[in-house]
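Taking it in order: structure first as structure tokens, then the write-up.
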Amino acid sequence: MSLELEGLGVTICDVVAVARRGEQVRLSDAAIERMAVARRIVEHLAEGGPTYGISTGFGALATTTIPPDRRAALQRSMIRSHAAGMGSAVETEVVRAMMFLRARTLALGASGARPLVAETLVRMINAGVVPVVPEYGSLGASGDLAPLAHAALVLMGEGEVLSDEGVLEGGAAMAQAGIEPVELLEKEGLALINGTDGILGMLCLAVHDATHLLTVADVAAALSVEGLLATDRAYAADLQALRPHPGQGKSAANLRVMLAGSPIVASHRTDDIRVQDAYSIRCTPQVHGAARDTLEFVTDVANRELASAIDNPMVLPDFRIESCGNFHGAPVAMAADYLAIALAEVGAIAERRLDRLLDYNRSHGLPPFLAADPGVDSGLMIAQYTAAAMCAENRRLAAPAVVDSLPTSAMQEDHVSMGWGAARKLRRVVDNLRRILAVEWVTAARAVELRAPLVPADATAAAVDLLRTRVRGPGPDRSLAPELQAAEHLLKEERLVRAVETVTGPLN
């Protein structure tokens, strides 16, 4: 099976499939025809007066007219000069997503590049040719100029490529894949780099991961409720309906269905001296729900960007070629910052729940740090330190990148989005959240087992059973790092929610 790239209709799931699962891509006939029509317009305009991107320089050099015999050199020079990134290479999945999304914009037929350019990008994706793209260089202003230029270098037969053999020279890698490099013509260099594809690719991957992790957060919270001998009464449907935020309602519904029939919860319905639970337990649907509502907004932004032509200038069917600001990363940059804030809060409340499980003064009868022999054993004490460290980092990463705009290109580009930085830190927030939830899962599962002979609900029992396939239960101290990493890997494989859903049916 392969994914047909029409230009329109690309989904977040498509981006994930190409970026992570190696889905093959092919251009539709309609996309090829649109690109051919737009290219004829560019060729017509190239014969006329100065037109930005076709017969002029770029950025602050836009008033410099380029003669016809120098225009191919102009495109090559632009790619070479803009490939100015530094730092470590970004992840393969990010590069693949970025290349796929740039081919998507070209396929819309508003960029004026020949079909050959998009076809070559698609062939590179299908052959696993992954350009080396340094982490630093994009401000998310005229798109992700430097990252996309590093990818375009390889399309030209230059640059560097990641492979199982290490880093290969771009021309050699293209030859090895049987792909002919492209000699770029008017407008094509600009069309390859003037887009938000790197930012958008990272946002799509983060949206996919966050959608899963917010359900994981509900599962971990349900286990913590049982481990702390807390009540599920605050999650009642009629109480939740009094504040009808959609995300809150979904999170509370998850908690209700997972805790249904729990012998642990039922064991203290009466004669419990506690009047109410702490906020980290009682307000879980409110915090998780607010993050869900944020995610819904961010998903809408990503979907709109996936339906957009992102370039400058734009080639229009009436033979106009117009400069615009559609390359500016503000919409996706702000969405990335917003999602980072929301996910940082989900991690923060999870850390408070797991800390409560480890404190014998607040855990309602559990041993200190859930240790087998407190004093001799430290139990899960330091696991909380690890989670706290990642919470602290997420708080720093939640500071918005978009407010740090800096002017570039001799003040021609005097307000930039900082979207690449926003998306890069969002990826770290997502990874940290996954690890924090892994720590809560390990902690809450041990707490629930220490409540024996009481047993958890069937749904939360499924969560414990899955964990025990990779992580041992309560006992004397042992190295925790491998166990925490094993739990993290289970979450990355998206197995926890599936295990719980075998009992509950689909969760929100």
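Basis for what follows: all heavy atoms, side chains included, without hydrogens, waters or symmetry-related copies.
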Check against side-chain hydrogen bond (donor to acceptor under 3.5 Å, both in side chains), Ser28 and Glu4: CA-CA 6 Å; Ser28 72; Glu4 184 175 73; 5.0 Å; no
Trace of the side-chain contact (heavy atoms from CB on, under 4.5 Å) decision for Arg256 with Asp232: CA-CA 7 Å; Arg256 288 196 303 272; Asp232 61 352; over 6 Å; no
Chi angles and distances behind the side-chain contact (heavy atoms from CB on, under 4.5 Å) call for Tyr338, Val301: CA-CA 11 Å; Tyr338 192 14; Val301 170; over 6 Å; no
Trace of the side-chain contact (heavy atoms from CB on, under 4.5 Å) decision for Arg435 with Gln485: CA-CA 8 Å; Arg435 296 179 187 123; Gln485 187 177 62; over 6 Å; no
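The heavy-atom pair separating Ile12 from Ala302 by the smallest distance is CD1-CB, 4.1 Å. Between Arg274 and Ala230, the closest heavy-atom pair is NH2-N, 4.4 Å. Looking at every heavy atom in both residues, Leu108 comes nearest to Ser308 through CD1-O, 3.4 Å. For the pair Ala141 and Val416, the tightest heavy-atom approach, listed with the atom from each and the gap, is CB-CG1, 3.1 Å. Considering all non-hydrogen atoms of both residues, Ser363 and Tyr360 come closest at OG-CA, 3.4 Å. Considering every non-hydrogen atom in both Asn326 and Ala309, the closest pair reads ND2-O, 3.7 Å.
Atom OG of Ser479 and atom CG of Leu484 lie 8.5 Å apart (nearest 0.5 Å). Atom CG in Leu229 sits 7.0 Å away from atom CG in Leu366 (nearest 0.5 Å).
Within the structure, side chain to side chain donor-acceptor pair (under 3.5 Å) contacts touching residues 372-389 (residues at least two apart or in different chains) are Glu351-Gln384.
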Could you list the donor-acceptor pairs under 3.5 angstrom formed by side chains in residues 455-464, with sequence neighbours left out?
from	atom 1	to	atom 2	distance (Å)
Thr460	OG1	Glu226	OE1	2.6
Thr460	OG1	Glu226	OE2	3.4
Thr460	OG1	Ala457	N	3.3
Thr460	OG1	Ala457	O	3.2

N/O donor to acceptor pairs below 3.5 angstrom from side-chain atoms of residues 239-246, sequence neighbours left out:
from	atom 1	to	atom 2	distance (Å)
Gln240	OE1	Gln248	NE2	2.8
Gln240	NE2	Ala234	O	2.9

Can you give me every donor-acceptor pair (side chain of residues 208-220, partner residue at least two apart or in another chain, under 3.5 Å) with its distance?
from	atom 1	to	atom 2	distance (Å)
His208	NE2	Glu494	OE2	3.1
Asp209	OD1	Arg20	NH1	2.8
Asp209	OD1	Arg20	NH2	3.4
Asp209	OD2	Arg20	NH2	2.8
Thr211	OG1	Val207	O	2.7
Thr215	OG1	Asn508	O	2.8
Asp218	OD1	Ser251	OG	2.8
Asp218	OD1	His288	ND1	2.7
Asp218	OD2	Asn254	ND2	2.9
Asp218	OD2	Arg292	NH2	2.9

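Side-chain atoms of Asn394 do not come within 3.5 Å of backbone N or O of Glu345 as any donor-acceptor pair. In this structure a side-chain-to-backbone donor-acceptor pair under 3.5 Å is present from Gln24 to Asn126. Here the side chain of Asn312 pairs no donor or acceptor atom with the backbone of Gly325 at under 3.5 angstrom. Side-chain N or O atoms of Asp337 include none that pairs as donor or acceptor with a backbone N or O of Ala398 at under 3.5 Å. Using modelled atom types, no side-chain atom of Thr504 and backbone atom of Met258 make a donor-acceptor pair closer than 3.5 Å. A side-chain donor-acceptor contact under 3.5 Å links Arg451 to the backbone of Gly227.
For the salt bridge (Lys or Arg N to Asp or Glu O under 4.0 Å) test, residues two or more places apart in sequence or in another chain that qualify with Asp355 are Arg352, Arg362. Residues that satisfy the side-chain contact (heavy atoms from CB on, under 4.5 Å) test with Ala499, not counting sequence neighbours, are Leu466.
Looking at heavy atoms from C-beta onward, Tyr235 lies in side-chain contact with Val225 at the 4.5 angstrom threshold.
A salt bridge links Arg428 and Glu393; the closest N-O separation between the charged side-chain nitrogens and carboxylate oxygens is under 4.0 Å. Remark: Arg478 engages Glu483 in a salt bridge, criterion side-chain N to carboxylate O under 4.0 Å. A salt bridge links Glu493 and Arg470; the closest N-O separation between the charged side-chain nitrogens and carboxylate oxygens is under 4.0 Å. Between Arg468 and Glu449 there is a salt bridge, since a side-chain N of the basic residue sits under 4.0 Å from a carboxylate O of the acidic one. The pair Arg424-Glu91 meets the salt-bridge criterion, since a charged nitrogen lies less than 4.0 angstrom from a carboxylate oxygen. With respect to the salt-bridge test (charged N to carboxylate O, under 4.0 angstrom), the residues Glu6 and Arg26 do not qualify.
A centroid separation of less than 6.0 Å is found between the aromatic rings of His415 and His328.
A side-chain contact (heavy atoms from CB on, under 4.5 Å) with Val95 is found for one member of Ile125, Val129, Val130 and no other, namely Val130.
Side-chain contact of Arg353 with Thr284: a donor-acceptor pair under 3.5 Å is present, judged by distance alone. Ser2 and Glu23 form no side-chain donor-acceptor contact under 3.5 Å, judged by distance and modelled atom types alone.
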